[in-house]
Amino acid sequence: MGHKPLQKWQRKTNNSLRIAQVYLNQSNKRLDIPYDYTIPEELQDQIKPGIRVAVYFGKGNRLIEGFVVGLRDHTDFKGTLRPVQRAIDSEPIVTPEQLNLCQWMTQTYVSLFYETLALFTHPVKVSLHPGRSQKESAEHLVAYADCEKVYTLTALGEQAETKGKVMRQILALLAHRDYTESEMNHLLGSVAASRRNLLQKGWISVSEKAIEASSRVGATGSDVRLTDEEEKTYQHYLKLKKPGSPAFFYWKNRTSQFRLYLKLAQRVCRQGRSAVIILPEVDLSLKYQELFYNTFGDQGGIYHGRLKQKERYHLFEKVRRGQIQVVLGSRAALFLPFLNLSLIVVDEEMDASYYSPSNPHFNVRDVAGKYAKICGAELIVSDQLPSVEAYQAIHTGRMVAFGKWNPLVFPALELVDMQAEIKSGHLDFISRRLGDAIEQTLDHGQRSLLMLNRLGYDTYVFCRDCGYVERCPDCQVAMKTTRQGILRCPYCGREKRLPRHCPQCGSPRFRPMGLGLDRAVEVLKKRYKGIGILKIDARAIADSGGFSKMNKIIGQNNHSIIVGTRAMVRAFDYGNVGLSAALLIDGDLNNNHYDSAQRMTQLYSRFFALSQGKALAQTYEPENETLLGLACGNVRLYYSGELNYRKALGYPPFGHLFFFTVFGNQAAQVKKDCWQLYHLFLSQRGQEEWMVYKPSATGVRPGTGETQWQLVIKTKEKKKLSEAMGQLIRKGAIEKLPSKVAMAMDPVMG
DNA sequence: AGCACGCCGACT
DNA sequence: GTCGGCGTGCTC
């Protein structure tokens with residue numbers, strides 16, 4: 001049936017595209033290229049890009065899973081092609097745009113195709129290991145019913161009054177719209193008992209709702225209302241945004257910024273297109289979920305690592321079918337199968353959580369940039385203080401900036417020279433200036449925030465006379481004291497008693513050096529008896545029951561002094577803060593990475609901005625340029641300094657750094673292999689394009705305890721280096737090394 | 001000569 | 001990964 005011309009055309013394409021290009025699900029980098037397979041007549045209609053297939057491969061005739069990335073009418077392969085055995089999926093599990101991005105990432109980050117693919121298909125669980133794969137994964141695709149439980153308020157329930165707090169919350173929620181079980185759980189916590197109660201009373205009803213394709217256009221939720229200033233920025237953006245170039249939004253205030261995102265996403269959603277808003281931490285998404293759901297109703301979805309597999313799958317399906325058009329979430333949200341994606345927002349672009357520390361090693365900010373180009377979507381990145389890369393992009397016109405340029409909004413920073421403090425006979429780590437400031441703040445009934453970005457008790461133990469440092473005999477890492485008198489290796493946990501005299505020269509001046517958070521807390525508690533002191537670090541947050549629980553504890557206002565690590569600058573509500581002080585800023589000034597100045601400036605400008613009164617930093621390096629830049633509040637100076645330094649040394653955005661980590665159990669072999677890799681890159685064609693640093697031992701691999709060596713390559717031509725790496729891999733040169741090799745481009749440390 | 005073993009390269 | 005091919009060197 002149907003029109004003749006169309007049939008003819010169809011037959012023609014089918015006949016000419018009889019070859020499928022297939023990536024195999026296997027873990028050998030050398031084999032990670034598309035292989036050609038013929039498509040048998042009976043599979044013609046089923047095989048298309050984006051579906052998984054089963055194919056025979058190798059002499060052993062193993063049946064393994066593969067992924068179709070393209071169809072063609074000819075092959076360059078000299079031998080005979082084998083046929084595709086069968087199709088695993090009935091329809092593509094990724095969109096054409098996703099497939100494009102997936103291939104780009106595989107090339108750019110030199111990862112396995114299936115490793116990258118897993119990012120896109122995580123909710124449907126593409127199997128990663130061959131052998132048991134075919135059956136299992138086919139089952140996974142139908143493992144979840146395409147429907148979920150939805151709760152509705154009944155007529156009876158609309159009139160109902162109850163004293164139950166949770167029940168009242170549920171009724172209030174459902175008065176707005178219907179909610180699914182998982183949505184409700186994430187908004188209110190585990191409320192199954194109250195829900196059952198309400199069902200019994202007949203105030204709410206439950207139904208199974210199928211996930212189905214939707215052709216609906218226009219958000220069901222309420223309009224986003226902006227303040228005058230926000231509206232101005234919004235209109236400004238609509239007028240001046242340039243198609244194809246990303247936009248940067250200067251950040252003023254978290255909620256204000258979020259409202260802007262909602263407004264922008266709503267505009268897109270009402271045109272029947274999709275949008276994704278990426279935030280750095282789950283807790284931020286959860287904090288804003290109510291506002292978000294009020295705006296987008298059931299066309300919105302929140303996606304993050306805490307969802308259960310089934311919830312992930314439901315959300316994935318709804319996005320795939322166009323039922324959900326706007327997603328708020330963590331970096332993983334970018335990889336959902338959006339239809340017509342036309343807006344990507346990356347909030348707080350500098351956040352370390354945007355960097356994926358396992359394969360493929362990518363930064364979601366960069367991937368979002370590429371994806372926006374592929375989809376023709378608008379890209380918005382945002383932060384209080386633009387990264388040096390973003391600043392450069394703005395000033396060379398590759399990026400357009402919006403909002404008010406006002407990044408360092410904190411009280412004038414006072415630097416306290418601790419060296420001078422010691423010379424004048426004051427040995428306490430709380431200088432007289434800081435002591436005065438804390439007491440003054442207490443008198444005003446305000447809160448003091450003290451930051452020390454260093455865990456533990458002390459830093460390390462060394463001899464004042466001969467400089468001997470006590471190191472772990474196994475790991476060669478400087479040992480730290482945990483509590484007084486005990487040394488502990490931060491890598492392997494080995495403990496030993498602290499010697500009274502230097503083991504090398506016998507001097508009694510063999511003492512702990514530096515200050516750790518635990519000692520700071522101990523000393524502060526002694527000094528400010530009767531005053532509530534709260535410690536905040538990643539551990540303390542987890543122990544208290546998570547971010548929102550900790551935020552509640554802070555909100556109770558029982559603590560006038562809060563001491564902590566960088567975890568303090570997470571989105572807590574501190575209320576009336578009279579003082580933000582860095583107990584010792586030096587540890588963050590130089591941490592051996594090209595972007596340490598940037599990270600330091602970012603972290604501390606946020607921290608100081610928490611204070612409405614004083615800002616103060618104690619340091620032994622009062623002449624440090626980065627620190628002076630922060631103190632004088634001259635942002636332009638900071639950026640021009642950073643840009644000069646990076647340009648001179650070829651660091652991002654003027655060049656790229658590739659880190660190779662070679663690791664394994666045989667220390668000698670690891671060293672040998674790292675040097676081998678060094679020579680390989682030196683002798684590779686095109687080597688004038690890059691600079692290879694000499695290998696260096698980087699201690700022990702955390703977790704496994706394997707020996708680890710590092711090779712760093714700097715290049716202005718990252719594409720050429722990627723190509724050279726591809727060649728080495730295809731030759732099998734890297735695979736051949738007995739040690740394992742991991743690669744990361746422009747990694748984010750810590 | 002015949003065979004065991006280990007290394008290497010190919011796999012569409 | 002897993003197989004076949006090939007060279008080496010040992011044994012009958």
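Naming: A, B, ... by sequence-line order, numbering from 1 per chain.
Using a 4.5 Å heavy-atom cutoff, the side chains of A:R701 and A:T661 are in contact. With a 4.5 Å cut-off on side-chain heavy atoms, A:M725 and A:F658 count as touching.
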Polar-atom pairs under 3.5 Å, protein N or O versus N or O of nucleotides 8-12 of chain B: list them with distances, or write none.
| from | atom 1 | to | atom 2 | distance (Å) |
| --- | --- | --- | --- | --- |
| B:dT12 | OP1 | A:R82 | NH1 | 2.6 |
| B:dT12 | O3' | A:D36 | O | 2.7 |
| B:dT12 | O3' | A:R82 | N | 3.0 |
| B:dT12 | O2 | A:D36 | N | 2.5 |

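The distance between the ring centers of A:Y35 and A:F57 falls below 6.0 angstrom.
Ion pairing between A:E735 and A:K29 fails under the 4.0 Å rule for side-chain N and carboxylate O.
Judged by the 6.0 Å distance and 45° axis criteria, A:K714 is positioned over the aromatic ring of A:Y651.
A ring pair (Phe, Tyr, Trp, His ring centres under 6.0 Å) with A:F362 is found for one member of A:W104, A:Y354, A:F335 and no other, namely A:F335.
You can see that DNA chain C meets the heavy atoms of chain A within a 4.0 Å-exclusive cut from C:dG1 to C:dC3, reading 5' to 3'.
Taking the six-membered ring where tryptophan is involved, the planes of A:W690 and A:F681 are perpendicular, since the angle between them exceeds 60° and thus also 30°.
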